[in-house]
Asks: 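Got a structure here, written out as structure tokens. Questions coming.
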There are 2 protein chains.
Amino acid sequence: MGTVGKAISLLELFTVAEPELGLTDLARRSGFDKATTRRLLVALTGHGFVEQDAGTRHYRLGAGLSRLARIREARFPFLQTAVPLVRDLASATAETVHLSEFGIDRLVTVHVEHPAWANRVNIDIGQLLPLHSTASGIAYLAFARDEIVKACLAGPLEAFTAHTLIEPAAISRSMAEARERGYSISDQGLEEGVISVAAAILSAEGFALGTIAVAAPKARTTTADITQRGLAVMAAAREISMRLNGDNLQTLRRQA
Amino acid sequence: MGTVGKAISLLELFTVAEPELGLTDLARRSGFDKATTRRLLVALTGHGFVEQDAGTRHYRLGAGLSRLARIREARFPFLQTAVPLVRDLASATAETVHLSEFGIDRLVTVHVEHPAWANRVNIDIGQLLPLHSTASGIAYLAFARDEIVKACLAGPLEAFTAHTLIEPAAISRSMAEARERGYSISDQGLEEGVISVAAAILSAEGFALGTIAVAAPKARTTTADITQRGLAVMAAAREISMRLNGDNLQTLRRQA
DNA sequence: GGATGTTGGTTCATTATTTGAACCGTTATT
DNA sequence: AATAACGGTTCAAATAATGAACCAACATCC
């Protein structure tokens, strides 16, 4: 791995759950030498990608990241556009609604709304979702570029639960069903007891950019709930797609 | 400069005005060789910090940045907290209101609300503001850690206009006035014809984290406007600080 | 109170990565 | 058909990254 990759891996050690880490800890987790880790952190700090707490000397993600993320958002207002609809969907369904964007080979959770229930599906911002074993992933694949689909089906497909589909044919079938139905369903594909529905948010060219999904404990979910949430999530995804593409969303490439 | 620094400088070439750049262009602007530039871009793309347009082959900032920025936001909800108050202030003043966060040695614009006027002060998200020559900068310095103030006054102080204060003593005086008054005023310090007022947003320890500012064309600004905006910007900054610090903002360290 | 372990941070000879001039292939422009 | 501009690649030479061993400071534990 190049030095740049190493620096970025360091950044990726920070999570919502552990937003501040010490030098030794970072070195241990990254597997880099302490001296290397430090040098990388200094370089990152110099550009505002990392900040160091004056008191504890622990490191955390810096403001430079917000700056660049906002520049990206300015050109491509995914969050700005989608968040209000995520909120609406959350209050309509009273279950966890999460929004994700594609990155490299997974979906990245960029926004989450949790219901008031104590028993709910908990998802953190920044959480990475595999493509083959989540409702979001299937919804994404259903409208992804061929290369991405191929790469996903070719790669090793982890079985997270007894219900995870890992045969390429089964996954393709789920994708086809999702296309036909307008939304995808994942029954405990990533975690036992969780059932989700999702729909893809499309670019002007008709390719998936990200997804919106509703996740709920299976115990309190009926078949009627699934259908209702599916239709709602589909409507939300469509609305977001339209707003993103200035209301001139082409006829969906593959849906025709 | 280390490789990491170079990679980050590449990212910093993207702006709101030019969010997509080609390889040759990036190489030219960064001063790096085309091969080097490419290798860095590939490394960045591999981690989702940069994306490449499938059609034009141009590069843009990637979703990985949003992810990390959101993780940072989750721990430190600066934007989430401040944006509503920025909006309120914008509609109350009918002038440009911008929010900035400190990064390394400058302030980074993280949010802007523009008024409907055709003649208005235009500021882009991501724009960097020098500390010594802007209302935001002075407001920040007034409550910054001593090291930062020292570093700023020691460094070369560029005179952007004939009105820019560049003598350390004059800048210190502005800071003292800002502390006393509760807000800072910059009369054409960065650009001719622009007058701004700003107030610092404080951490629980009483140090400045960022600022909120109102910028307007001097031509239509009266002395009364300045006072009114100053009080409004001060109130907004206080409210943001309180919300950020869970309503238990300590007595302001230096204001006492 | 002295031994022990932990932390953040530094040094410098060794080692591996980065560098860039020259290159190729493709796609406009003239 | 010639030219130029673009994205992308190659490989010997130059440079930067590496990590074991090292401090100093703090906390913990007999």
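In what follows, chains are A, B, ... by sequence order, proteins preceding strands, each numbered from 1. The figures here come from the full heavy-atom set of this structure, side chains too, leaving out hydrogens, waters and symmetry mates.
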Asks: Is there a side-chain contact between A:Arg70 and B:Val108 (heavy atoms, below 4.5 Å)?
Replies: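 Not touching, per the 4.5 Å side-chain cut-off.
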Asks: Could you encode protein contacts along nucleotides 3-18 of chain C as a string, one character per nucleotide from 5' to 3', using B for base contact, S for sugar-phosphate-only contact and - for no contact, with a heavy-atom cut-off of under 4.0 Å?
Replies: ----SBBBB-----SS
Asks: Applying side chain to side chain contact (heavy atoms under 4.5 Å, CB included), name anything that partners B:Ala170, two or more places apart in sequence or on another chain.
Replies: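 B:Leu165, B:Glu167, B:Arg173.
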Asks: Got a list of side-chain donor-acceptor pairs under 3.5 Å for residues 5-19 of chain B, not counting sequence neighbours?
Replies:
unit_1: B:Ser9; atom_1: OG; unit_2: B:Gly5; atom_2: O; d: 2.5
unit_1: B:Ser9; atom_1: OG; unit_2: B:Lys6; atom_2: O; d: 3.4
unit_1: B:Thr15; atom_1: OG1; unit_2: B:Ala17; atom_2: N; d: 3.4
unit_1: B:Thr15; atom_1: OG1; unit_2: B:Glu18; atom_2: N; d: 2.9
unit_1: B:Glu18; atom_1: OE1; unit_2: B:Arg29; atom_2: NH1; d: 2.7
unit_1: B:Glu18; atom_1: OE2; unit_2: B:Arg29; atom_2: NH2; d: 3.2

Asks: Under 3.5 Å, which N/O atoms of the protein pair with N/O atoms of nucleotides 27-30 of chain C?
Replies:
none

Asks: Between atom CZ in A:Phe32 and atom P in D:dG19, what is the gap in whole Å?
Replies: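 Taking atom P of D:dG19 as the reference, CZ of A:Phe32 is at 10 Å.
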Asks: For B:Asp33, enumerate each residue passing the side chain to side chain contact (heavy atoms under 4.5 Å, CB included) test, keeping only those at least two apart in sequence or located in another chain.
Replies: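 With sequence neighbours excluded, B:Asp33 shows a side chain to side chain contact (heavy atoms under 4.5 Å, CB included) to B:Ala35, B:Thr36, given in chain and number order.
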Asks: Under 4.5 Å between any side-chain heavy atoms of B:Arg67 and A:Leu128, yes or no?
Replies: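 The answer is yes; the side chains approach within 4.5 Å.
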Asks: Look at the aromatic rings of B:Phe102 and B:Tyr140 and report parallel, tilted or perpendicular, splitting at 30° and 60°.
Replies: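 Parallel: the ring planes of B:Phe102 and B:Tyr140 meet at under 30°.
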Asks: Strictly by salt bridge (charged side-chain N to carboxylate O under 4.0 Å, His left out), give each pair with a member in residues 39-61 of chain B just once, sequence neighbours left out.
Replies: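 For residues 39-61 of chain B: A:Arg72-B:Glu51, B:Glu20-B:Arg60, B:Glu51-B:Arg60, B:Asp53-B:Arg60.
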Asks: Are side-chain heavy atoms of B:Thr96 and B:Asn122 found at a separation under 4.5 Å?
Replies: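 Of all side-chain heavy-atom pairs linking B:Asn122 with B:Thr96, none is under 4.5 Å.
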Asks: To the nearest angstrom, how far is B:Leu41 atom CG from D:dC6 atom C1'?
Replies: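 The answer, rounded to whole Å, is 14 Å.
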